[in-house]
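Down below is the structure, laid out as structure tokens.
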Amino acid sequence: MLKEQEMFLNFIKERAVKGNEEQIEAILVDAFAKLATDEFTTEEFTNVREKLLPIIAPEYQTEVKEAMAHFASMLK
């Protein structure tokens with residue numbers, strides 16, 4: 001995992017609804033693996049986002065959506 005990916009993972013985990021950190025890690029580790037093999041499409045990103053947002057604490061939703069939008073802008 002790249003340093004930037006680890007930072008993003010930690011950022012998201014810190015904003016999770018308590019008890020969902022492992023689920024978030026599993027989702028993102030899988031996404032990062034696909035990203036490394038160019039299997040990560042904008043459709044895949046949407047799927048990841050749909051899995052993550054429900055387990056993000058309400059007070060962090062806007063912040064996480066902005067971070068994910070930034071991440072999406074770096075996709076091919």
Side-chain angles (χ1 to χ4, degrees):
M1 182 180 309
L2 300 174
K3 183 176 176 80
E4 294 83 6
Q5 292 172 338
E6 187 174 348
M7 289 172 57
F8 185 74
L9 172 64
N10 290 330
F11 170 83
I12 300 295
K13 282 172 58 176
E14 289 169 1
R15 286 148 180 83
V17 172
K18 222 174 189 94
N20 288 291
E21 295 85 0
E22 286 183 21
Q23 185 178 358
I24 285 176
E25 185 162 354
I27 292 167
L28 287 178
V29 166
D30 182 57
F32 294 151
K34 289 178 181 176
L35 187 61
T37 62
D38 289 330
E39 293 179 33
F40 199 78
T41 63
T42 53
E43 182 180 337
E44 183 67 28
F45 172 80
T46 299
N47 292 336
V48 168
R49 194 174 120 210
E50 289 174 3
K51 290 177 189 175
L52 287 178
L53 289 179
I55 54 179
I56 298 297
E59 64 269 25
Y60 297 117
Q61 287 283 323
T62 300
E63 183 180 25
V64 168
K65 286 177 184 176
E66 289 172 0
M68 294 193 76
H70 176 72
F71 182 76
S73 72
M74 295 186 294
L75 294 175
K76 295 178 185 179

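- To the nearest 0.5 Å, the span separating CD1 on I27 from CD1 on I12 amounts to 10.5 Å.
- Grouping the Ile, Leu, Val, Met, Phe, Trp and Tyr side chains by contacts below 4.5 angstrom, directly or via other members, places I24 apart from V17.
- For the salt bridge (charged side-chain N to carboxylate O under 4.0 Å, His left out) test, no residue two or more places apart in sequence or in another chain qualifies with E4.
- Applying the side-chain hydrogen bond (donor to acceptor under 3.5 Å, both in side chains) test to pairs two or more places apart or on separate chains, those with a residue in residues 43-56 are K34-E44.
- Between the CG atom of D30 and the CG atom of L35 there is a distance of 11.0 Å, given to the nearest 0.5 Å.
- At most 12 non-hydrogen atoms from other residues, nucleotides or ligands lie less than 6.0 angstrom from OH of Y60.
- For residues 9-18, the salt bridge (Lys or Arg N to Asp or Glu O under 4.0 Å) pairs, not counting sequence neighbours, are K13-E25, R15-E63.
- A side-chain donor-acceptor contact under 3.5 Å links N10 to the backbone of E6.
- Looking at Q23, its side chain never comes within 3.5 Å of a backbone N or O of N20 through a donor-acceptor pair.
- Remark: T37 engages E39 in a side-chain hydrogen bond (donor to acceptor under 3.5 Å, both in side chains) (not counting sequence neighbours).
- F11 and I56 fall within the same hydrophobic cluster, defined by Ile, Leu, Val, Met, Phe, Trp and Tyr side-chain heavy atoms under 4.5 Å apart, directly or through other members.
- Using a 4.5 Å cut-off between side-chain heavy atoms of Ile, Leu, Val, Met, Phe, Trp and Tyr, with links allowed through other members, F32 and L53 fall into the same hydrophobic cluster.
- Residues forming a ring-ring contact (aromatic ring centres under 6.0 Å, His included) with F8 (at least two apart in sequence, or on another chain): F71.
- Here the CE atom belonging to M68 is positioned 5.0 Å from the CG atom belonging to L52, to the nearest 0.5 angstrom.
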